[in-house]
Amino acid sequence: MRSTILLTIFVLMWLNDTGAYLVGCSIGRHKLIERVSPKKTWEGFFGGLIFSMAVSLLIFYFIKPFEGMEHIDMSLIFWLSIGAIVSIIGTWGDLIESMIKRDLQIKDSGNLIPGHGGILDRIDSILFVLPAILLFLHFWQ
């Protein structure tokens, strides 16, 4: 079922964000792009990447191919690529959204979810990750 892979992408994004946050807060010292997003660090980025890749590895070993997608070779390289795409493109999406907010001189993109920076902060990664995953799936076949 195609919705299963979509849910998997969301889980990978959430775990990437969680890994980046946990590692960045605990050992982050080297700023990624300080003028765009002052709290993001290289250590956090790699922490998120490792979390995402580790979960991709678990998905490969413990989840059977998704129904309706048997025609796609869901090998180890496939899942590690998905994990890397989610992490790298998701971080770009977050940085681009931060750049837009800095350019507009606003701290949050809204106040619908207090303490979370607005809806755009919740979906900035997915806006970039989903098209990247679709392109990857198109060329992987």
Participant: How long is the gap from CD1 on Ile85 to CG on Leu137, to the nearest 0.5 Å?
Facilitator: 8.0 Å
Participant: Can you measure from CG (Leu57) to CD1 (Ile50) and round to the nearest 0.5 angstrom?
Facilitator: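 Going from the CG atom of Leu57 to the CD1 atom of Ile50 covers 12.5 Å.
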Participant: Between Glu43 and Arg29, what is the shortest heavy-atom contact and its length?
Facilitator: OE1-N, 3.1 Å
Participant: Where is the tightest heavy-atom contact between Leu12 and Ser56, given as atom of each residue plus distance?
Facilitator: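 Looking at all heavy atoms of both residues, the shortest contact is CD2-OG, 3.7 Å.
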Participant: Measure the spacing between CG of Asp17 and OH of Tyr21 and express it to the nearest 0.5 Å.
Facilitator: 12.0 Å
Participant: Would you say that Met99 contacts Ile33 through its side chain, given a criterion of any heavy-atom pair below 4.5 Å between the two side chains?
Facilitator: no
Participant: Would you call Ile96 and Val36 a side-chain contact if the rule is heavy atoms closer than 4.5 Å?
Facilitator: no
Participant: Which heavy-atom pair separates Phe128 from Ile89 by the least distance, and what is that distance?
Facilitator: O-CG2, 3.4 Å
Participant: Is it true that, when you exclude Phe60 itself, more than 12 heavy atoms of the residues, nucleotides or ligands shown sit nearer than 6.0 Å to its CZ?
Facilitator: yes
Participant: Given side chains that start at C-beta, do those of Ile77 and Ser81 come closer than 4.5 Å, heavy atoms only?
Facilitator: yes
Participant: Answer yes if Ile88 and Ile82 sit in the same cluster of Ile, Leu, Val, Met, Phe, Trp and Tyr residues linked by side chain heavy atoms under 4.5 Å apart, and no otherwise.
Facilitator: yes
Participant: Aromatic rings Trp42 and Phe45: how do their planes relate, parallel, tilted or perpendicular, breaks at 30° and 60°?
Facilitator: perpendicular
Participant: Same cluster for Ile27 and Leu15 if Ile/Leu/Val/Met/Phe/Trp/Tyr side chains link at under 4.5 Å?
Facilitator: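 Unlinked, Ile27 and Leu15 end up in two clusters.
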Participant: Go through Thr8 and Val55 one step at a time and tell me if the side-chain contact (heavy atoms from CB on, under 4.5 Å) criterion holds.
Facilitator: CA-CA 10 Å; Thr8 305; Val55 172; over 6 Å; no
Participant: On a heavy-atom basis, which atom in Ser98 and which in Ser37 lie closest, and how many Å separate them?
Facilitator: OG-OG, 4.0 Å
Participant: Is it the case that Ser87 and Asn16 place a side-chain donor and acceptor less than 3.5 Å from each other?
Facilitator: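 A donor-acceptor contact under 3.5 Å links the two side chains.
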Participant: For residues Leu135 and Leu6: do they belong to one hydrophobic cluster (side chain heavy atoms under 4.5 Å, members Ile, Leu, Val, Met, Phe, Trp, Tyr)?
Facilitator: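 Different clusters: Leu135 never reaches Leu6 through Ile, Leu, Val, Met, Phe, Trp or Tyr contacts under 4.5 Å.
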Participant: Where is the tightest heavy-atom contact between Gly83 and Met53, given as atom of each residue plus distance?
Facilitator: C-SD, 3.9 Å
Participant: Between Leu127 and Ile100, is there shared hydrophobic-cluster membership here, with clusters defined by ILVMFWY side-chain heavy atoms closer than 4.5 Å?
Facilitator: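 Leu127 and Ile100: one cluster.
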Participant: Run the numbers on Met13 and Val129 for side-chain contact (heavy atoms from CB on, under 4.5 Å), then give the verdict.
Facilitator: CA-CA 9 Å; Met13 283 190 331; Val129 168; 3.8 Å; yes
Participant: Rounded to the nearest 0.5 Å, what separates atom CD1 in Ile9 from atom OG in Ser125?
Facilitator: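 Taking CD1 in Ile9 and OG in Ser125, the distance rounds to 12.5 Å.
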Participant: Test of understanding: with ring-ring contact (aromatic ring centres under 6.0 Å, His included), list the residues that count as partners of Phe136, not counting sequence neighbours.
Facilitator: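 Residues passing ring-ring contact (aromatic ring centres under 6.0 Å, His included) with Phe136: Phe78, Trp140.
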Participant: Evaluate the side-chain contact (heavy atoms from CB on, under 4.5 Å) criterion for residues Phe10 and Ile126: first the C-alpha distance (whole Å), next the side-chain angles of each, then the deciding distance (0.1 Å), finally the verdict.
Facilitator: CA-CA 8 Å; Phe10 273 99; Ile126 196 72; 3.8 Å; yes
Participant: Do Thr91 and Leu49 come within less than 4.5 Å of each other through their side chains, counting heavy atoms only?
Facilitator: no
Participant: Hey, any chance Phe139 and Val86 share a hydrophobic cluster, counting ILVMFWY side chains that come within less than 4.5 Å of each other, even indirectly?
Facilitator: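 No, no single cluster joins them.
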Participant: Under the side-chain contact (heavy atoms from CB on, under 4.5 Å) criterion, do Asp94 and Lys40 qualify, and how do the steps go?
Facilitator: CA-CA 10 Å; Asp94 192 40; Lys40 288 196 182 348; 2.3 Å; yes
Participant: Minimum heavy-atom separation for Gly44 and Thr41, please, with both atom names.
Facilitator: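 Minimum heavy-atom contact is N-OG1, 3.0 Å.
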